[in-house]
Amino acid sequence: ILHDVVYESVTRKLRRVYHAAIANWLERRAEGREGEFATRIAEHFSRAGHDAERARWLVVAAHQARQSYAPEAAIRDYREALDVWKALPEDALDQQTLMDTLEGLGEALNTRGRYEEAVEAFEELLERALADQDRTAEARGRHGLAVALAYKGDFRAGLEAAEAGAEAARALDDELLFVRCRWMQTWCLLRLGELPRAEETATSVVAASQELGNEAQLAKAHNLSGVLQYTKGNYDAATSAFEQAAATFRAMSSGESVMPILNNLGVLDEARGRFAKAVERYAEALEIARAVGSRDGEMVYSSNLGMAKLGLGLTDEAESLFRSVIAMATSGLNVLSETYRGLAEVLLSRGEPVAAQSAALEALRLAVEAGAPDDEAGAWRLLGLVSGSVGKAVDASPAGIADSFDAKSCFAKAVALANEDEDESELARSLAAWGGWADDPSLVDRAAALFDSLGVKRELERWRTAGEAARDSTV
């Protein structure tokens, strides 16, 4: 109370002088500890009416919040700083700091899974960079935009942004940024099913990362190689690459970087039918994601954990995880197609084919929209099981496809897409489900040979039985 009385007794003009003096004193005292004092300094500059200094320290506070795994606080401070910057006269505007602010905001929004907003932030950064002819900000903006677009499931647009970013980085001789853009190119190509191009870029990313001598970037390159080898069905080579990347990040005590590797190792375990081990990997990755405030990681790992639980027959736990991901998602998260596919499988196993059909159609819509053939093939496989269960063709118009498909047509589409995408794992699942439904030993034998080559014989029974159950269902 005494503080308030004394404070109110000071004139507004003098208050501003005192606040400015305190802010300046704190600036001197904060040397080497800027992040710790940033919020207090920004507050005093705000009360002093020094808006440019206030915005500058809000950005410092936002950077500190990101490093402290508090992305929501970072987003708040970045947005407040942007509001202040944009209200300043043009001659008082620090364009470089403004663009740094937009980049930080976009990255923080990506962390929280707010991809549409992240795209907006990076598009504004890119617009300002081009207007200011700032090639460095342009390259960084294109890379950030590529990440946001890919995370929201728009892999084609993400690829275009990454390619443009790589060109801009090359013109700057910025090797690290060039490699990061090429990394994103490879990721988008993999998701689009363009394996020959993905393999070419992945090889160049590993070579360039080795030349850079940057351990973190090299570990990310090994992780990317592991994803490529997994896609090609080379599980042993994929495991080796993932473990090499994980060892590097653990040595660096970088838990945030380890979590996607744990997830990828879980994907490998799941593909091999080692669902209990996959659950362990996903659960550990999920724990880290929640600790560092990664909403994107939380959604991806929760969805994957649900798929592994489904493999163990824990349908209630799987459904809970799938529905939590759907509730969290605010835009087209790239994992959502698989999430809906998993939900469709749960509902089908409970004898709810109508609800399963809605979920499978949503999985198909999201996969087609993203241009992801692996997810599209999986969605058609589930629709084949749904159609087989209800005994009639499925109307695919809710997925944006103006036609109806019976079980045979759905399975045929799944097999064709998996063949085209060279996805042996999905091909084996689709053939087994189709063979079980059609009571066709030749299809089952083809699936058995594929599962055998992949080292996951137990999966044959799972999907053959699913096909048989669809055939025997009465609705």
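Note that the structure is predicted; figures quoted are calculated from it, not measured. Reckoned from all heavy atoms, side chains included, excluding hydrogens, waters and symmetry mates.
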Between Ser442 and Asp445: side-chain donor-acceptor atoms closer than 3.5 Å: no
Partners passing salt bridge (charged side-chain N to carboxylate O under 4.0 Å, His left out) against Arg180 (at least two apart in sequence or in another chain): none
Tyr115 versus Asp296, side-chain donor and acceptor atoms under 3.5 Å: yes
Atom of Tyr235, atom of Ser425 and distance for their closest heavy-atom approach: OH-CB, 3.7 Å
Phe275: partners by ring-ring contact (aromatic ring centres under 6.0 Å, His included), with sequence neighbours left out: none
Step-by-step side chain to side chain contact (heavy atoms under 4.5 Å, CB included) determination, Arg272 to Leu454: CA-CA 7 Å; Arg272 285 173 153 163; Leu454 294 170; over 6 Å; no
Output side-chain donor-acceptor pairs under 3.5 Å for residues 351-358, partner residues at least two apart or in another chain, one line each.
none

Any pair counted as side-chain hydrogen bond (donor to acceptor under 3.5 Å, both in side chains), so long as it reaches residues 306-319, sequence neighbours left out: Lys309-Glu317, Asp316-Arg350, Glu319-Arg323, Glu319-Arg350
Straight-line distance of Glu338 CD to Phe322 CZ, nearest 0.5 Å: 7.5 Å
Please report, to 0.1 Å, the donor-acceptor pairs under 3.5 Å made by any side chain of residues 298-305, with sequence neighbours excluded.
| from | atom 1 | to | atom 2 | distance (Å) |
| --- | --- | --- | --- | --- |
| Glu298 | OE2 | Arg290 | NE | 3.3 |
| Ser302 | OG | Glu298 | O | 2.6 |
| Ser303 | OG | Thr339 | OG1 | 2.7 |
| Asn304 | ND2 | Asn263 | OD1 | 2.6 |

Arg182 side chain to Thr201 backbone, donor-acceptor under 3.5 Å: no
Validation row, ring centre Phe405 to ring centre Trp380 under 6.0 Å: yes
Donor-acceptor contact below 3.5 Å, side chain Asn214 vs main chain Gln217: yes
Residues forming a side-chain hydrogen bond (donor to acceptor under 3.5 Å, both in side chains) with Lys408, sequence neighbours excluded: none
Pair Ile288-Leu262, side chain to side chain contact (heavy atoms under 4.5 Å, CB included): steps then yes or no: CA-CA 10 Å; Ile288 297 172; Leu262 288 168; 4.0 Å; yes
Salt-bridge present (Glu345, Arg341; N to O < 4.0 Å): no
Pairing of Glu459 and Arg462 as salt bridge, 4.0 angstrom limit: yes
Listed partners of Thr231 passing side-chain hydrogen bond (donor to acceptor under 3.5 Å, both in side chains), at least two apart: none
Short side-chain to backbone donor-acceptor contact, Ser387 and Ala407, under 3.5 Å: yes
Arg128/Glu124 salt bridge by N-O under 4.0 Å criterion: yes
Residue pairs fulfilling side-chain hydrogen bond (donor to acceptor under 3.5 Å, both in side chains) with at least one residue in residues 240-253, sequence neighbours excluded: His222-Gln244
Nearest-0.5 Å distance that lies between atom CD in Glu107 and atom CZ in Arg140: 8.5 Å
Ion pair Glu138/Arg142, N-O distance below 4.0 Å: yes
Pair Arg197 + Glu163: basic N to acidic O under 4.0 Å: yes
Full working for side chain to side chain contact (heavy atoms under 4.5 Å, CB included) between Asp374 and Arg191: CA-CA 8 Å; Asp374 53 344; Arg191 296 296 289 148; 2.8 Å; yes
Ala438: side chain to side chain contact (heavy atoms under 4.5 Å, CB included) partners, not counting sequence neighbours: Trp434, Asp440
Salt bridge (charged side-chain N to carboxylate O under 4.0 Å, His left out) partner of Lys232, the single match among Glu424, Glu199, Glu422: Glu199
Sequence-distant partners of Phe249, ring-ring contact (aromatic ring centres under 6.0 Å, His included), two or more places apart: none
Those residues that, when tested against Ala469, pass side chain to side chain contact (heavy atoms under 4.5 Å, CB included) (two or more places apart): none
Qualifying residues under ring-ring contact (aromatic ring centres under 6.0 Å, His included), relative to His63, sequence neighbours excluded: Tyr78
Residue pair Val227, Asn264: steps toward the side chain to side chain contact (heavy atoms under 4.5 Å, CB included) verdict: CA-CA 8 Å; Val227 174; Asn264 291 341; 3.9 Å; yes
Side-chain donor or acceptor of Arg66 paired with backbone N/O of Ile75 under 3.5 Å: no
